[in-house]
Amino acid sequence: MTGTHAAPRTGAPPSESVMQTGGALLTVAEMGRADALAVEGGVPSLSLMEHAGFAATRAIRRGWMPRRTVVLCGPGNNGGDGFVIARMLRSAGWPVTVHLLGDRDRLKGDAAVNAGRWHGPVAPLDLGALDGADLVVDALFGAGLSRPVDGVAGSVLSALAARPAPPVVAVDVPSGLDGDTGQVWGTAAPAALTVTFFRPKPGHVLGQGPALCGDLAVSDIGIPATVLDAIGPAACLNGPALWSLPRPGARDHKYTRGHAVVFGGATMTGAGRLAARAARRMGAGLLSVAAPSAALPLYAQDAPGVLCRAIDSPGDVETMLEDARLNALLLGPGAGRGPHTAARVLSILPRARPTVLDADALTSFADDPGALFEAITGPVVMTPHEGEFRALFPDLTKADDPLVRVRAAAARAGAVVLLKGPRTIIAAPDGRAGVNTNAPAALATAGSGDVLAGAILGLLAQGMPAWEAAAAAAWLHGAGAHRGPPGLIAEDLPDAMAAAAAAAATPPDPLSQMHNGTLC
């Protein structure tokens, strides 16, 4: 299921509830902890449910005019939210019917209380629940579902997914979507709008989550942001709130802004040239391309500001790196896969300089990933796509949880791992992880990965820590692509990313900023 139902919208959810980048992503367990801490701090759990129902109702009323609405309620707290929504919509004059999975008398806690506050009829959940509906509120199952949806609930969700209408509003997550992984437990119906609470979950932005959730609104329900200090979430949405881009000061000069080195290939020179331009556009003070002498004219004619260094033997590399001012290195783009590239990587890593390993610098170790990991002693950023990740971490590719597998890879390698994809994940050996959500499909073009690697290099050269440099470059990659022209090609990206960086560095208006809680 990759589409969403078209919805007759009359307005977007309120700005204060639209998902913001730079904030925490809470796993299902962490969200349960947030609820518990709020209750321990004096917020009644019944108030949290009431506020959740109000937030969803407000989003519905701002998105649609009154219409025949069916609320599908499950047997847990998600169903309790559904009863609140049904009551509030009916109070606003909407025609509402409620269909419950299970027996009303078996509801417990706050869900039972809110079922008692609903004075309309409650029909059993069946396929007839969808007849005549102009809008469906999916409050069957929350994000903590841990088994496939089956039985009558599965039949109803499958039927709902197969229909072009009515539009669906999901409470917390579309029922059947795993809140931690974005995988689907059996079946799920795409929503036009998903309303979740306090902070988004990984499942909203990973896997099938983006396609199933539709518009995602994150609403405040009264949980104090201070609970995040006790939870200490390690995952976040990537954005400028997480990092500060380097800016030259009045006393800076080209050497203080870093001297980056791109190791260029002998034949596929375009990759290194794209990376070099990106590194310079990100602010590196100097950029050298080190390549076989036969290929140097191609690099030299590409841009007059690029320095070219001939490396025809291992001794040439050793001599070059005796200059400590060469403070950030990139290997892999256009290098060619094989023992020659692997040997060069292994000769360079012991110097412990900030290093980006991309493309052939990764796949050259497919037969012995451990040799690569053992050689890492300094700050390293690895930038695999899914196939390259599989070559280095074959046992991790089957893990259901994307954050778990990229974190495990980073811990094993002792390096920052940036797994490229529609939702790029950036994980550090210490467990921090960011999910980048701003990349448009236009980035699926040859050379865009080389630009990303070069951008990370340029930021490392200026002293950014490895995780922050990778996260910033990933976000600027997406932001630059949005600024690029129609028919975006990799050559467009460095300039567009520089413009995005300038915009991101503009000091915000303090009066326009909203508190977004503890960050990663």
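Start at 1 with the first residue, then count along the sequence. Just so you know, these numbers come straight off a predicted model, no measurement behind them.
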Dump the intermediate steps for salt bridge (charged side-chain N to carboxylate O under 4.0 Å, His left out) on Arg247 and Asp252, then the final yes or no. CA-CA 9 Å; Arg247 291 295 164 200; Asp252 276 319; over 6 Å; no
Spacing of [atom1] belonging to [X] relative to [atom2] belonging to [Y], to within rounding of 0.5 Å:
X: His204; Y: Leu26; atom1: NE2; atom2: CG; result: 11.0 Å
X: Lys201; Y: Thr196; atom1: NZ; atom2: OG1; result: 3.5 Å
X: Thr383; Y: Leu357; atom1: OG1; atom2: CG; result: 8.0 Å
X: Asp395; Y: Arg405; atom1: CG; atom2: CZ; result: 11.0 Å
X: Lys420; Y: Leu443; atom1: NZ; atom2: CG; result: 11.0 Å
X: Leu286; Y: His253; atom1: CG; atom2: NE2; result: 10.5 Å

Locate the shortest heavy-atom distance separating [X] from [Y]; write the atom from each residue and the value.
X: Thr269; Y: Ala295; result: CG2-CB, 4.4 Å
X: Pro174; Y: Cys213; result: CD-SG, 3.8 Å
X: Ile231; Y: Glu30; result: CD1-O, 3.6 Å
X: Glu491; Y: Pro494; result: O-CD, 3.6 Å
X: Phe389; Y: Ala409; result: CE1-CB, 3.6 Å
X: Ala34; Y: Phe198; result: CB-CE2, 4.0 Å

Taking the side chain as everything from C-beta on, heavy atoms only, tell me whether [X] gets closer than 4.5 Å to [Y].
X: Leu326; Y: Arg353; result: yes
X: Leu25; Y: Pro233; result: no
X: Leu321; Y: Leu329; result: yes
X: Met464; Y: Pro354; result: no
X: Val195; Y: Ser219; result: yes
X: Leu242; Y: Trp475; result: no
X: Met31; Y: Asp35; result: yes
X: Leu476; Y: Met282; result: yes

Let's go through Trp467 and Asp430 carefully: what are the C-alpha distance in whole Å and the side-chain angles of both, what is the deciding distance for side-chain contact (heavy atoms from CB on, under 4.5 Å) to 0.1 Å, and is it a yes or a no? CA-CA 10 Å; Trp467 187 87; Asp430 63 9; over 6 Å; no
[Y] backbone acceptor or donor facing [X] side chain under 3.5 Å:
X: Thr181; Y: Leu206; answer: no
X: Asn327; Y: His259; answer: yes
X: Arg281; Y: Asp495; answer: no
X: Thr319; Y: Asp316; answer: no
X: Asn238; Y: Ala471; answer: yes
X: Asp450; Y: Ala275; answer: no
X: His477; Y: Ser448; answer: yes
X: Thr363; Y: Glu388; answer: no

Does a donor on one side chain sit under 3.5 Å from an acceptor on the other, for Asp312 and Ser293?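 There is such a pair between these side chains.
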Would you tell me whether Asp360 and Ser364 have side-chain atoms, one donor and one acceptor, within less than 3.5 Å of each other?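 There is no such pair between these side chains.
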Take Arg199 and Leu228 through the side-chain contact (heavy atoms from CB on, under 4.5 Å) test and state the conclusion after the steps. CA-CA 10 Å; Arg199 294 295 184 271; Leu228 294 174; 3.7 Å; yes
Report, as yes or no, whether the 6.0 Å neighbourhood of atom CE on Met268 holds more than 12 heavy atoms from other residues, nucleotides or ligands.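 Open.
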Between Leu452 and Leu418, is a side-chain contact (heavy atoms from CB on, under 4.5 Å) present by the stated rule, with each step listed? CA-CA 10 Å; Leu452 175 60; Leu418 183 152; 3.8 Å; yes
Only one of Val416, Leu372, Leu419 passes side chain to side chain contact (heavy atoms under 4.5 Å, CB included) with Met382; say which it is.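 Single side chain to side chain contact (heavy atoms under 4.5 Å, CB included) partner of Met382 among Val416, Leu372, Leu419: Leu372.
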Among Ile425, Asp180, Val205, which residue satisfies the side chain to side chain contact (heavy atoms under 4.5 Å, CB included) criterion with Pro402?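 Among the candidates, only Ile425 passes.
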From CA spacing to verdict: side-chain contact (heavy atoms from CB on, under 4.5 Å), Thr341, Arg337: CA-CA 6 Å; Thr341 296; Arg337 176 180 176 179; over 6 Å; no
